[in-house]
**Student:** 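This structure is in structure tokens; I'll ask about it shortly.
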Amino acid sequence: MSRFARLPRQALALAMAALLGACSTTGTHITDGKAAAPERAVGYLQGDAIPDSLALSPAPPAPGSLAAQLDDAVAAQAMALRGSARFTQAHTDADLSFPAGANQFSCALGVAVSAQTTPVLYQLLERSRIDASAATKAAKTHYQRPRPFMVNNAPTCTPDDEEGLRKSGSYPSGHTSIGWAWALILTEIDPEHATALIERGRNYGHSRLVCNVHWYSDVQQGQFMGAATVARLHDNPEFAADLAKARKELAHVRTLNQPLPRDCAAETAALTTDIPEAR
């Protein structure tokens with residue numbers, strides 16, 4: 001007779017519940033006795049809730065138009081920053097993979113963001129990143145605008161990414177959409193640092209100009225799509241709940257006085273250099 005058969009019915013039920021509970025973990029599956037990798041993050045928005053960039057975006061500037069001339073002027077000024085600290089910062093800003101991407105705004109926020117110390121904020125940034133990126137894809141795919149480095153044949157700040165970037169339309173800028181969405185979201189969570197966070201969102205998009213991977217009009221429309229994404233997120237109950245939790249979480253983690261994960265003085269110094277025509 002098995003050891004479970006000798007247990008009273010109530011005890012048996014409790015034992016089975018404990019056994020099943022031990023085999024389940026949030027975001028992880030057990031396969032053949034081994035824990036598989038955690039499930040990939042998904043956005044808050046699905047289907048028609050994702051802003052339609054093709055419907056919301058005008059066509060990219062026509063060759064020879066005033067807007068196209070401004071794109072060219074900004075690109076020329078951005079190329080002059082190659083080899084500078086600002087160019088190095090653009091390389092750092094290009095990394096949106098997590099966990100590194102979670103700290104792109106840590107200096108402006110004044111707090112390190114990690115899955116261990118700020119799990120709610122970490123998840124909120126990762127999920128909203130997916131949403132803001134998805135919001136640019138329809139227009140990117142439709143227009144397939146060539147990126148600056150494909151036109152001027154000058155290097156980018158991320159040479160390893162160039163092959164993939166050639167296959168992805170330049171307009172609108174996905175990085176800018178994400179950065180601007182994050183700036184708006186973080187400003188709601190931490191209004192005391194609103195100016196620094198919005199400025200960081202602005203120069204985060206400008207890093208794509210310095211990197212020679214986006215035109216100025218790509219960045220402008222990327223900001224628009226980032227704002228449109230945040231507007232739709234506010235109608236999502238999961239996002240609203242995470243936003244409220246993140247406020248409390250941030251207030252608590254500030255009391256811990258943890259060190260920041262990057263050299264904020266160097267970042268601030270690098271970001272003081274900007275592109276005159278990119279206003």
**Student:** Can you find a pair of side-chain heavy atoms, one from Leu56 and one from Pro51, that are under 4.5 Å apart?
**Tutor:** yes
**Student:** Does atom CG (Asp263) have a neighbourhood of more than 12 heavy atoms from anything else shown, all under 6.0 Å?
**Tutor:** yes
**Student:** Is Phe224 linked to Ile178 within one hydrophobic cluster, defined over Ile, Leu, Val, Met, Phe, Trp and Tyr using a side-chain heavy-atom separation of less than 4.5 Å?
**Tutor:**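 Looking at the clustering, Ile178 is in a separate group from Phe224.
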**Student:** Working to the nearest 0.5 angstrom, can you tell me the gap between Arg82 CZ and Cys211 SG?
**Tutor:**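 Output value for this atom pair is 12.0 Å.
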**Student:** Where do Ala132 and Ala181 come nearest, in terms of heavy atoms and distance?
**Tutor:**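 Where Ala132 meets Ala181 most closely, the heavy atoms are CB-CB, 4.0 Å.
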**Student:** Quick one: ring-ring contact (aromatic ring centres under 6.0 Å, His included) partners of Tyr44, sequence neighbours excluded?
**Tutor:**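 Once residues adjacent in sequence are excluded, the partners of Tyr44 under the ring-ring contact (aromatic ring centres under 6.0 Å, His included) criterion are Phe239.
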**Student:** Say whether, by atom type as modelled, one donor and one acceptor occur between the side chain of Asp95 and the main chain of His91 under 3.5 angstrom.
**Tutor:**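 Answer holds: no.
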**Student:** What's the separation between atom CG in Leu109 and atom OG1 in Thr118, rounded to the nearest 0.5 Å?
**Tutor:**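 With rounding to 0.5 Å, CG (Leu109) is 8.5 Å from OG1 (Thr118).
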**Student:** Can Ile50 be reached from Ile185 by stepping across I, L, V, M, F, W or Y side chains whose heavy atoms are under 4.5 Å apart?
**Tutor:** yes
**Student:** Between CE of Met225 and OG of Ser133, what distance do you get to the nearest 0.5 Å?
**Tutor:**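 Interatomic distance, Met225 CE to Ser133 OG, rounded to 0.5 Å: 11.0 Å.
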**Student:** Check each of Leu121, Leu124, Leu250, Val113 against Leu186 using the side-chain contact (heavy atoms from CB on, under 4.5 Å) test, and report the only one that passes.
**Tutor:** Leu121
**Student:** Inspect the contact between Glu238 and Arg127 and indicate whether a charged nitrogen and a carboxylate oxygen are less than 4.0 angstrom apart.
**Tutor:**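 Salt bridge flag = yes for Glu238 with Arg127.
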**Student:** Using modelled atom types and a 3.5 Å cut-off, is there a donor and acceptor pairing between side-chain atoms of Trp215 and backbone atoms of Pro146?
**Tutor:** yes
**Student:** Donor-acceptor check, side chain of Thr272 to backbone of Ala269, threshold 3.5 angstrom: yes or no?
**Tutor:** yes
**Student:** Give a yes or no on this: more than 12 heavy atoms of other residues, nucleotides or ligands lie within 6.0 Å of atom NE2 of His193.
**Tutor:**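 Atom NE2 in His193 is packed in, count exceeds 12.
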**Student:** Does Leu271 share a hydrophobic cluster with Trp180, counting links as ILVMFWY side-chain heavy atoms below 4.5 Å and allowing steps through other members?
**Tutor:** no
**Student:** Tell me if a side-chain donor or acceptor on Asn103 pairs with a main-chain N or O of Ser106 at a distance below 3.5 Å.
**Tutor:**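 Such a contact is absent between Asn103 side chain and Ser106 backbone.
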**Student:** To the nearest 0.5 Å, tell me how far Phe105 CZ sits from Leu125 CG.
**Tutor:** 9.0 Å
**Student:** When Ile, Leu, Val, Met, Phe, Trp and Tyr are grouped by side-chain heavy atoms lying under 4.5 Å apart, directly or through other members, which residues fall in the same group as Val219?
**Tutor:**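 Members besides Val219, by chain and number: Leu70, Val74, Leu81, Phe87, Leu209, Val210, Tyr216, Ile275.
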**Student:** Is the closest side-chain donor-acceptor distance between Thr176 and Gln223 under 3.5 Å?
**Tutor:**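 There is no such pair between these side chains.
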**Student:** On a heavy-atom basis, which atom in Val120 and which in Ala246 lie closest, and how many Å separate them?
**Tutor:** CG1-N, 3.8 Å
**Student:** side-chain hydrogen bond (donor to acceptor under 3.5 Å, both in side chains): which pairs involve residues 48-67, sequence neighbours left out?
**Tutor:**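 Sorted pair list: Ser57-Gln221.
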**Student:** How about Pro61 and Asp71: do any of their side-chain heavy atoms sit closer than 4.5 Å?
**Tutor:**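 Heavy-atom side-chain distance check passes, below 4.5 Å.
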**Student:** Are Val213 and Met150 joined in one hydrophobic group, where the rule is that I, L, V, M, F, W and Y side chains link up if heavy atoms are under 4.5 Å apart?
**Tutor:**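 Val213 and Met150: one cluster.
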**Student:** Please check if any side-chain donor atom of Ser217 sits under 3.5 Å from a side-chain acceptor atom of Arg145, or the reverse.
**Tutor:** yes
**Student:** Inspect the contact between Lys140 and Asp218 and indicate whether a charged nitrogen and a carboxylate oxygen are less than 4.0 angstrom apart.
**Tutor:** no
**Student:** Using atom types as modelled and distance alone, determine if a side-chain donor or acceptor of Asn212 lies under 3.5 Å from a backbone N or O of Pro155.
**Tutor:** yes
**Student:** Among Arg147, His214, Gln144, which one satisfies side-chain hydrogen bond (donor to acceptor under 3.5 Å, both in side chains) with Ser170?
**Tutor:** His214
**Student:** Where does the angle between the aromatic ring planes of Tyr143 and Tyr171 fall among parallel (under 30°), tilted (30 to 60°) and perpendicular (over 60°)?
**Tutor:** perpendicular
**Student:** Is there side-chain contact between Arg129 and Glu126, with at least one heavy-atom pair below 4.5 Å?
**Tutor:** yes
**Student:** Strictly below 4.0 Å, N to O, side chains only: are Arg202 and Asp274 in salt-bridge contact?
**Tutor:** yes
**Student:** To the nearest 0.5 Å, what is the distance between CG on Leu66 and CD on Gln69?
**Tutor:** 5.5 Å
**Student:** A side-chain contact here means heavy atoms from C-beta on lying under 4.5 Å apart; do Arg262 and Thr92 qualify?
**Tutor:** yes
**Student:** If the test is side-chain hydrogen bond (donor to acceptor under 3.5 Å, both in side chains), which one of Gln104, Arg86, Gln89, His175 qualifies with Ser207?
**Tutor:**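 Checked Gln104, Arg86, Gln89, His175 against Ser207; only one passes side-chain hydrogen bond (donor to acceptor under 3.5 Å, both in side chains): Arg86.
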**Student:** Hydrophobic cluster membership, with links at side-chain heavy-atom distances under 4.5 Å among I/L/V/M/F/W/Y: are Leu260 and Leu256 in one?
**Tutor:**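 Cluster IDs for Leu260 and Leu256 differ.
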**Student:** Counting only heavy atoms from other residues, nucleotides and ligands, does the tally under 6.0 Å from NE2 of His252 exceed 12?
**Tutor:**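 Atom NE2 in His252 is not crowded, with 12 or fewer foreign heavy atoms closer than 6.0 Å.
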**Student:** Using salt bridge (Lys or Arg N to Asp or Glu O under 4.0 Å), reason through Asp93 and Arg200 one step at a time and then give a plain yes or no.
**Tutor:** CA-CA 11 Å; Asp93 286 351; Arg200 179 63 177 125; 2.6 Å; yes
**Student:** At their closest point, which heavy atom of Trp182 faces which heavy atom of Ser128, and how far apart are they?
**Tutor:** NE1-OG, 3.3 Å
**Student:** Grab the two heavy atoms, one from Gly43 and one from Ile130, that are nearest each other, plus how far apart they are.
**Tutor:**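 Minimum heavy-atom contact is N-CG2, 3.7 Å.
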**Student:** Answer yes when Arg254 and Glu249 have at least one side-chain N-carboxylate O distance shorter than 4.0 Å, and no when they do not.
**Tutor:** no
**Student:** Rounded to the nearest 0.5 Å, how far does CG of Leu233 lie from CG of Leu45?
**Tutor:** 4.5 Å
**Student:** Can you name the nearest heavy-atom pair linking Glu162 to Phe149, along with the distance?
**Tutor:**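 It is O-CZ, 3.8 Å.
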**Student:** Using every non-hydrogen atom in the two residues, find where Pro261 and Ala112 come nearest and quote the distance to one decimal.
**Tutor:** CD-CB, 3.7 Å
**Student:** Side chains of Ser114 and Thr117: closer than 4.5 Å at any heavy-atom pair?
**Tutor:** yes
